[in-house]
Colleague: 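Can you read through this structure? Questions will come right after.
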Protein chains: 2
Amino acid sequence: MSCLPRLSQSLRARGYRVTPQRLAILEALHHDGHLSPAQVYERVRQTGMTEATVYRTLEFLRANGIVFAAQREGGRLTYELAGASHHHLVCRACGAQVDLEAAAFQELIASLEQQSGYRLEASHLTLFGLCPACQKDSKAQA
Amino acid sequence: MSCLPRLSQSLRARGYRVTPQRLAILEALHHDGHLSPAQVYERVRQTGMTEATVYRTLEFLRANGIVFAAQREGGRLTYELAGASHHHLVCRACGAQVDLEAAAFQELIASLEQQSGYRLEASHLTLFGLCPACQKDSKAQA
DNA sequence: ATTCTTATTGATAATTTTTGCAATAAGGAA
DNA sequence: TTCCTTATTGCAAAAATTATCAATAAGAAT
Ligand SMILES: [Mn+2]
Ligand SMILES: [Mn+2]
Ligand SMILES: [Zn+2]
Ligand SMILES: [Zn+2]
């Protein structure tokens with residue numbers, strides 16, 4: 001809760017405006033994360049805001065580092081409040097998700113930056129695979 | 001060129017059919033890779049095939065390991081023929097893309113699999129960042 | 001070659017996401 | 001408070017993507 005005033009400040013300082021729409025979306029994401037645009041819309045439609053505004057606002061918040069966007073199966077986007085940098089493991093079979101600390105990646109990222117000359121955003125990657133339970137299942141049916 | 005007969009065999013062996021539409025799309029991707037569905041459609045529309053077929057076929061080929069799908073900016077998908085496992089660095093500013101050998105990731109992936117119990121597809125990730133040229137530009141304007 | 005099964009396609013509609021533009025309202029200045 | 005500037009929204013249309021379903025055709029069997 002104490003983060004909204006700070007975010008508002010930071011937005012105004014950059015010449016952007018703090019609107020009820022933006023606040024509603026931020027609160028929705030504060031309540032539960034990893035939401036698709038449609039799920040965000042469900043949670044804020046009562047305010048009368050448009051779907052177009054949801055899409056625009058999510059992209060705006062992402063571009064300004066306030067939310068993270070992560071890829072779900074098939075390239076669909078999912079959003080959550082920005083916080084400690086982390087990555088995701090998602091099970092292709094059941095969708096189970098595990099968060100990974102970003103630290104594990106730091107060494108590799110640094111090495112890639114050195115090799116390529118790129119400055120990388122090593123933030124919020126999603127790796128797909130099979131969770132332990134679904135590995136068992138796929139063996140069982142084989 | 002010699003790979004189409006082999007792919008055809010493999011598809012038929014799995015009970016799928018080899019259609020002119022699938023062949024046309026494979027040839028388009030063989031000619032140049034990293035194509036969006038729209039770009040694939042441009043290259044095959046002469047055959048009379050539908051956009052819906054392009055989307056369906058790309059997803060079909062991906063699900064069967066014949067093409068790779070990678071994420072471009074904003075979660076848009078791009079396709080290329082499956083080949084040596086590799087990853088991408090993409091510049092947020094100019095879109096420049098560099099391919100990375102998968103080997104660089106192996107160690108990290110193995111370690112993550114051990115920690116999490118997940119079996120990971122460490123294939124065809126996309127990392128975003130700024131290429132060397134665009135880093136200079138962003139300094140210049142600052 | 002003919003028949004038969006059914007995977008695949010085209011046509012169409014539905015859904016999702018993006019875009020253009022005029023009306024609105026945030027928030028700094030007077 | 002009132003006025004101004006312009007960032008932001010709503011609305012409506014466009015574009016992109018997915019789903020439905022009957023017609024088609026791949027390819028195995030005869
Ligand atoms: Mn997350
Ligand atoms: Mn590639
Ligand atoms: Zn699972
Ligand atoms: Zn660049």
Colleague: Among the nucleotides C:dG27, C:dT9, D:dT18, which one has an atom lying closest to any side-chain atom of B:Gln21?
Modeller: C:dT9

Colleague: Considering all heavy atoms of both residues, which atom of A:Val44 and which atom of A:Ala24 are nearest to each other, and what is their separation?
Modeller: CG1-O, 3.8 Å

Colleague: Indicate whether OP1 or OP2 belonging to D:dA26 is found under 4.0 Å from a side-chain N or O atom of B:Arg12.
Modeller: no

Colleague: Is there a donor-acceptor contact under 3.5 Å linking the side chains of B:Gln71 and B:His88?
Modeller: no

Colleague: Tell me: CG of A:Leu7 to C1' of C:dA26, nearest whole Å?
Modeller: 17 Å

Colleague: On DNA chain D, nearest-nucleotide positions of B:Tyr16 versus B:Tyr55: which is more 5'?
Modeller: B:Tyr55

Colleague: From the list C:dT9, D:dA12, C:dG28, which nucleotide is the closest neighbour of the side chain of A:Ala52?
Modeller: D:dA12

Colleague: If I take atom CD1 in residue A:Ile25 and atom C1' in nucleotide D:dT8, what distance separates them, rounded to the nearest angstrom?
Modeller: 12 Å

Colleague: In terms of side-chain heavy atoms of A:Arg76, which of C:dT9, D:dA28, D:dT18 is nearest?
Modeller: D:dT18

Colleague: Starting at CZ of B:Arg45 and ending at P of C:dA11, how long is that distance when rounded to a whole Å?
Modeller: 13 Å

Colleague: I'd like to know if B:Glu121 and A:Arg92 make a salt bridge, using a cut-off of under 4.0 Å between side-chain N and carboxylate O.
Modeller: yes

Colleague: Taking the side chain of B:Arg17 as heavy atoms from C-beta outward, which of D:dG10, C:dA7, D:dT17 is closest to it?
Modeller: C:dA7

Colleague: Work out which heavy atom in A:Val54 is nearest to a heavy atom in A:Tyr41; give both atom names and the distance.
Modeller: CG2-CD1, 3.8 Å

Colleague: Using the side-chain heavy atoms of B:Thr53, tell me which of these nucleotides is nearest: C:dT8, C:dT9, C:dA26.
Modeller: C:dT9

Colleague: Please tell me which of B:Glu51 and B:Arg56 maps to the more 5' nucleotide of DNA chain D, matching each residue to the nucleotide holding its nearest heavy atom.
Modeller: B:Glu51

